[in-house]
Amino acid sequence: MVPKSARGVPRPLWALALHGGAGHISKDMKPTRADAYRTSLQRALELGRTILAKRGTSLDAVEAVVRALEDDKLFNAGKGAVYTHSGKHELDAAIMNGATLECGAVAGVRTVRNPISLARLVMEKSTHVFLAGPGAHSFARSQGVPVVDNRWFDTRRRRNKWQRTLLAEELGTVGCVALDTHGHLAAATSTGGVTNKRWGRVGDSPIIGAGTYANDRNCAVSCTGRGEQFIRNTVARDVAALVEYRAMPLADAAHGVIDGKLQPGDGGLIAVSKSGEIALVFNSAGMYRGAADSSGRFETAIWET
Ligand code: ASP
C-alpha cells in the first residue's frame, strides 16, 4: 500500500536531493561546461536513486552520493577543492543520521581522500562528534582510510581562481539529503570551504545545525553558500524547527529562512521531509542541484527555471 501524507496525497516511498554548490554561477558559462555539470549531477543522482530504490538506507545513499561528488573535480569538495591562502587544501565534511541523531564531522582535513567517509567513521567508530586538524588525521590513520598527498586535490581551474582571487570566494560545495523506504532521513555535506581562507577558518558545512542537519521528526537539510551567514543563522536547524514546531510545509520553511533571514546572494539549501517533500531553495544566481523520488521525479538544474 502506498503511504498517504496528512493531506491524503500519496507520498513517495523514498526521496533524494543533492547540490553541488550555490553562488554566482554565470549564465554565460560555456554550454559544454554546463553540460559537464549536468552530467555529473545526473550521475550522482542516479547513484543515490539506485541505492534507495533497492531499499538501501538514506545514510548509505547520502554518503555514496557525496563521495562521488568529492571525487568529481568540477566541485569544491575532495578532488577540485579550492585553495587556502597558503596554496593548500583543507576539507570539511559532516554527516547525520536522522533516525538516531548520531552525527560525525571533520574539519581542516588535508590528506583524506573522502572526508565524508571519515565523518561517518567519526560518527560510528568514535565516541565524539567533531574532529579537527591533526587529531582528525590521527583518527583517519587509526581507521586505515585512503589518504593522498595534499596535491592530489589540485586542479588547474581552482589554482587559477586562487591566483586571481583577493577576496574569499566560494562555489561548489556538495551535499545530499535522503528519505529511505524505512522512513529514515540522513544528510551529508562536504566542502573545500572558501578560496583564500586563512587561520584554520571553518565554515558551516561540518557544523551540525548550521550547514547540515537530519532528524526523522522533521527533515534533512544540507546548505551551501557564505558559511559565516549560515552559521550565524543556524540555517539547517532553523528549517527543521519550523517544520517541527510550526508544522510548516518544507518549501515554506526553507523559503522562510533563505529569503527571510539571509542576505540576497548568500546561497541556498536542499531538504527532504519525513513525508518525502523536497525543497531546493536559493537566493544566489544559481545552485547546482538535483532531485529524484520514487514517484518518478528525476531532474537536475543550475539556474532558476
Ligand atoms: N558553505 C561553504 C563554506 O562556507 C562554502 C560553499 O557552500 O560554497 O565553507
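Start at 1 and go down the list; that is how both ligands and their atoms are numbered. Source: prediction; values computed, not measured. One is the number of the first residue; the rest follow in order along the sequence.
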- Message: Less than 4.0 angstrom from a charged side-chain N to a carboxylate O is my criterion; do R113 and E70 meet it?
- Response: no
- ligand 1 atoms nearer than 4.0 angstrom to some heavy atom of T173 are 2 (C), 5 (C), 6 (C), 7 (O), 8 (O)
- Quick check: does any side chain N or O of K79 sit under 3.5 Å from a backbone N or O of D154, one acting as donor and the other as acceptor? yes
- Does any N/O atom on G227 come nearer than 3.5 Å to any N/O atom on ligand 1? yes
- Task: Just jot down the ligand 1 atoms closer than 4.0 angstrom to any heavy atom of T224, in number order.
- Result: 6 (C), 7 (O), 8 (O)
- ligand 1 contact on C223 by region, counting heavy-atom pairs under 4.0 Å: neither
- Query: By number and element, which atoms of ligand 1 are closer than 4.0 Å to a non-hydrogen atom of S205?
  - Reply: 1 (N), 2 (C)
- Task: Number the atoms of ligand 1 from 1 as they appear, then name those within less than 4.0 Å of a heavy atom of D204, with their elements.
- Result: 1 (N), 2 (C), 3 (C), 4 (O)
- Message: Restricting to salt bridge (Lys or Arg N to Asp or Glu O under 4.0 Å), what partner residues turn up for D259, sequence neighbours left out?
- Response: none
- Report yes if some N/O of G225 lies less than 3.5 Å from some N/O of ligand 1; otherwise report no. yes
- Assess the side chains of T189 and S222: does a donor N or O sit below 3.5 Å from an acceptor N or O? yes
- Message: Same cluster or not: L131 versus V112, using hydrophobic residues (I, L, V, M, F, W, Y) connected whenever any side-chain heavy atoms lie under 4.5 Å apart?
- Response: yes
- Query: How does the hydrophobic cluster around V257 look, that is, which other residues are in it when side-chain heavy atoms under 4.5 Å mark a link?
  - Reply: V221, F230, V235, V239, L242, V243, M248, L250, I258, L262, L269, V281
- Task: Only one of K261, R226, R232 passes salt bridge (charged side-chain N to carboxylate O under 4.0 Å, His left out) with D266; say which it is.
- Result: R226
- Message: Is there a polar contact, in the sense of an N or O pair closer than 3.5 Å, between T191 and ligand 1?
- Response: no
- Message: I'd like to know whether ligand 1 has G211 as a neighbour, heavy-atom separation below 4.0 Å.
- Response: no
- Item | Among H19, M287, R226, R201, closest by any non-hydrogen atom to atom 3 (C) of ligand 1 | R201
